[in-house]
Number of protein chains: 2
Amino acid sequence: MANQEFQQEHKTEIRAVNDAMEVLYGKWKISIISSICYYSKRRFSDILNDVNGISNKMLSKELKELELNELVKRTVLDTQPISVQYELTEHGKTLQTIINNLTNWGIEHRKKITGK
Amino acid sequence: MANQEFQQEHKTEIRAVNDAMEVLYGKWKISIISSICYYSKRRFSDILNDVNGISNKMLSKELKELELNELVKRTVLDTQPISVQYELTEHGKTLQTIINNLTNWGIEHRKKITGK
DNA sequence: CAGTATCCAAAGGGATACTG
DNA sequence: CAGTATCCCTTTGGATACTG
């Protein structure tokens, strides 16, 4: 493989990893996914409680983005008053491995940095 | 396991994944790691070229943070003019699996969203 | 309950110029 | 070459209040 192709392939990889990160950026996105994933189905106010420190504005905004990226499915339940349920789509579930890896890495990293 | 413990474990997981994300946040961080990783050793100006659109200010800043987190090692080479080499530490290399997973996921996600 | 709307402070980051 | 410093605009996101 020529050097130029080698570099080109690298740039393609960078673009792909950035595509992934774009979806995950946002202060709360992973926590939200994690919450929904942990409980399978979760209502708006439940997530608001799970995720420490998030405001309703941010939760609403990040859920919308997750929905746009087809990671999360939103269902309005016919209750009184209304409640809304969120769950991961099949596509959303494919993130699980990555999140698990990140979780484990985070644990090791904390040990490493804070000095065991 | 009681319900409270169940929820507590979940919060611990969320904290761990956020620890990991903190390290990876920053518009350019993953691209920088990826560049260094791809070439094993890489100089400042090389990375500046690999990562499309980054400014020297940002590169400098993000490299410092990566160094603080012990993911990257900085070596000043005794050349004229000076050049500086960056490489991944052992700890930094443990991120490779995650980055590969993210890259693959990014490729699939793009197919999915932009409509195959 | 599940959001929206508004106001505002702080952080992020681009462009450009300068330094050892 | 490998950064720093500065200026300044944009984005993020917290607090609070309001709505169907």
Side-chain angles (χ1 to χ4, degrees), chain A residues 14-15 17-19 21-36 39-69 71-88, chain B residues 14-15 17-19 21-36 39-69 71-88:
Chain A
I14 288 187
R15 222 199 31 197
V17 85
N18 280 332
D19 285 346
M21 286 306 281
E22 248 172 59
V23 174
L24 266 23
Y25 272 132
K27 193 172 174 183
W28 311 99
K29 229 155 263 172
I30 291 200
S31 303
I32 293 168
I33 295 175
S34 174
S35 164
I36 298 173
Y39 294 97
S40 296
K41 300 176 181 202
R42 205 72 174 147
R43 286 178 312 143
F44 189 89
S45 52
D46 290 330
I47 305 174
L48 211 51
N49 261 290
D50 293 338
V51 181
N52 221 291
I54 196 173
S55 66
N56 50 355
K57 169 184 158 189
M58 274 303 111
L59 179 53
S60 172
K61 184 190 156 214
E62 308 245 74
L63 279 171
K64 256 184 207 158
E65 293 172 13
L66 292 173
E67 228 191 312
L68 258 173
N69 279 308
L71 300 175
V72 154
K73 190 183 160 215
R74 178 177 179 274
T75 316
V76 180
L77 300 180
D78 196 11
T79 55
Q80 195 46 257
I82 241 168
S83 64
V84 179
Q85 189 170 83
Y86 292 90
E87 56 195 307
L88 293 190
Chain B
I14 287 188
R15 224 200 30 197
V17 84
N18 281 333
D19 286 347
M21 287 305 283
E22 248 171 58
V23 174
L24 267 21
Y25 272 131
K27 191 171 176 184
W28 311 99
K29 230 155 261 169
I30 292 200
S31 303
I32 294 168
I33 296 174
S34 173
S35 164
I36 298 173
Y39 294 97
S40 295
K41 300 177 181 199
R42 205 72 175 147
R43 287 177 311 142
F44 190 88
S45 52
D46 291 329
I47 306 175
L48 211 50
N49 262 290
D50 292 338
V51 182
N52 221 292
I54 195 173
S55 67
N56 49 356
K57 170 185 159 188
M58 274 303 110
L59 179 55
S60 173
K61 185 191 156 214
E62 308 245 74
L63 277 171
K64 257 186 204 156
E65 293 172 14
L66 292 173
E67 228 190 313
L68 258 173
N69 279 308
L71 300 176
V72 155
K73 190 183 161 217
R74 177 177 180 275
T75 315
V76 179
L77 300 179
D78 196 11
T79 54
Q80 196 46 256
I82 242 170
S83 63
V84 180
Q85 190 170 83
Y86 292 90
E87 56 195 306
L88 293 191

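Note that this is a predicted model, so its numbers are computed, not measured. All values below were derived from every heavy atom in this structure, side-chain atoms included, with hydrogens, water molecules and symmetry-related copies excluded. In what follows, every chain begins at residue 1, and chains take the letters A, B, ... in the order their sequences are listed.
Summarising the geometry, the separation between CD1 on A:Ile32 and C1' on C:dG3 is reported as 14 Å, rounded to the nearest angstrom. We find that CD of B:Gln80 is positioned 12 Å from C1' of D:dA2, with the value rounded to whole Å. In this structure, A:Ile82 atom CD1 and C:dT4 atom P are separated by 13 Å, rounded to whole Å. One interatomic measurement links the two molecules: CG of B:Leu59 to P of C:dG14, which rounds to 12 Å at whole-angstrom precision. Across the protein-nucleic acid pair, B:Glu65 atom CD and C:dA11 atom P stand 13 Å apart, rounded to whole Å. Rounded to whole angstrom, the span from the NZ atom of B:Lys61 across to the P atom of C:dA11 amounts to 11 Å. Between A:Ile36 atom CD1 and C:dA2 atom C1' there is a gap of 14 Å when expressed in whole angstrom units. With rounding to whole Å, A:Tyr25 atom OH is found 12 Å from C:dG12 atom P.
Side chain of B:Lys64 to backbone of B:Ser60: no donor-acceptor contact under 3.5 angstrom is found. For the pair B:Tyr86 (side chain) and B:Ser40 (backbone), a donor-acceptor distance under 3.5 Å is absent.
Both A:Lys27 and B:Pro81 lie close to DNA chain D; mapped to their nearest nucleotides by heavy-atom distance, the more 5′-ward contact belongs to B:Pro81.
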Handout entry: From CA spacing to verdict: side chain to side chain contact (heavy atoms under 4.5 Å, CB included), B:Leu77, B:Ile82
Key = CA-CA 6 Å; B:Leu77 300 179; B:Ile82 242 170; over 6 Å; no
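We find the CD1-CD1 distance between B:Ile47 and B:Ile54 to be 8.5 Å, quoted to the nearest 0.5 Å.
Side-chain N/O atoms of B:Ser60 include one lying less than 4.0 angstrom from OP1 or OP2 on D:dT4. Contact check, A:Lys64 against C:dA2: no side-chain N or O comes under 4.0 Å of OP1 or OP2. In this model, the phosphate group of D:dG3 is approached by a side-chain N or O of B:Arg74 to a distance below 4.0 Å at OP1 or OP2. Side-chain N/O atoms of A:Tyr86 include one lying less than 4.0 angstrom from OP1 or OP2 on C:dG3.
Contact of the B:Lys27 side chain with the B:Met58 side chain is not registered, since no non-hydrogen atoms from C-beta on lie closer than 4.5 Å.
In plain terms, the two heavy atoms of A:Ile36 and A:Glu87 that are nearest each other are CG2-CA, 3.5 Å. The two atoms that bring A:Tyr39 and A:Arg42 nearest to each other are CD1-NE, 3.4 Å, heavy atoms only.
Contacts between residues 39-58 of chain B and DNA chain C, defined by a heavy-atom separation under 4.0 Å, are made by B:Asn56, B:Lys57, B:Met58.
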